Amino acid sequence: MSPGSGAYEKVWAAIARIPRGKVATYGQVAALAGFPKQPRLAGYALANCPRDTKIPWQRVINAQGKISFPPRSAAYRRQKSLLAKEGVALMNGRVDLARYRWQPFSDSPLLD
DNA sequence: AGGGTGACGGGCC
DNA sequence: GGGCCCGCCACCC
């Protein structure tokens, strides 16, 4: 019950809104969940999400456009792979935020 | 009831 | 650009 009672659940709910083919930063997700200026909270919530979660955790990257896992790690490769499958590629180890960053209030069809 | 534990980000040098 | 510092809070023993 009370699905949104926990802070982490609010963060997960915000992440669930990120459309396929787009990404959001930890800070952005935190703000969307109602915790502006607390990007770390988003990180904590993600670190705590269930193994079998259905939320698109791979769409959350850091403010530099990088995946927040050690480049050699399995987690890094997994995230990179999932993003690639959605059409989001890393160039030079980075996602082009200007192009792929999700903009919650400006994603109307008119703006393409 | 405390203390350990994190998938960040911005400011500075 | 890269590295360091420091703020910051929920959750689980």
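Within every chain, numbering begins at 1; the chains are lettered A, B, ... in the order of the sequence lines, protein sequences first and strands thereafter. Keep in mind the model is a prediction, meaning the values are calculated, not measured.
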Kindly compute the distance separating CG (A/L90) from OH (A/Y100), expressed to the nearest 0.5 Å.
-> 9.5 Å
A/Y26 atom OH is separated from B/dG10 atom C1', nearest whole Å, by 17 Å
Of the listed B/dA7, C/dC9, C/dA10, the closest approach to the A/Q79 side chain comes from B/dA7
Please write out the pairs of protein N or O atoms and N or O atoms of nucleotides 2-6 of chain B separated by less than 3.5 Å, giving the distance to one decimal.
unit_1 : atom_1 : unit_2 : atom_2 : d
B/dG6  : N1     : A/Y44  : OH     : 3.4

Hey, is A/R59 close enough to A/E86 for a salt bridge, meaning N to O under 4.0 Å?
-> yes
Among C/dC11, B/dA7, B/dG9, which nucleotide sits nearest the side chain of A/F69?
-> B/dA7
Do the non-hydrogen side-chain atoms of A/V23 and A/I18 ever get within less than 4.5 Å of each other?
-> no
Determine, step by step, whether A/Y26 and A/N62 satisfy the side-chain contact (heavy atoms from CB on, under 4.5 Å) criterion, reporting the C-alpha distance in whole Å, the side-chain angles of both residues, the deciding distance to 0.1 Å, and the verdict.
-> CA-CA 6 Å; A/Y26 292 88; A/N62 66 33; 4.1 Å; yes
Could you tell me the separation between the CZ atom of A/R77 and the P atom of B/dA7, rounded to a whole number of Å?
-> 17 Å
Spacing of OG belonging to A/S73 relative to NZ belonging to A/K80, to within rounding of 0.5 Å | 11.5 Å
Between CG of A/L97 and P of B/dG9 the distance, given in whole Å, is 10 Å
Whole-Å gap separating P (B/dA7) and CD1 (A/I55) = 15 Å
Give a yes-or-no answer on whether the side chains of A/R72 and A/Y76 include a donor-acceptor pair shorter than 3.5 Å.
-> no
Quickly work out the A/Q38 CD to C/dC6 C1' distance and round it to whole Å.
-> 15 Å
Figure out the CZ/C1' separation between A/R101 and B/dG9, and round it to whole Å.
-> 14 Å
Length of the NZ-P vector between A/K37 and C/dC9, whole Å | 14 Å
Length of the line joining A/K66:NZ and B/dG10:C1', which is rounded to integer Å = 15 Å
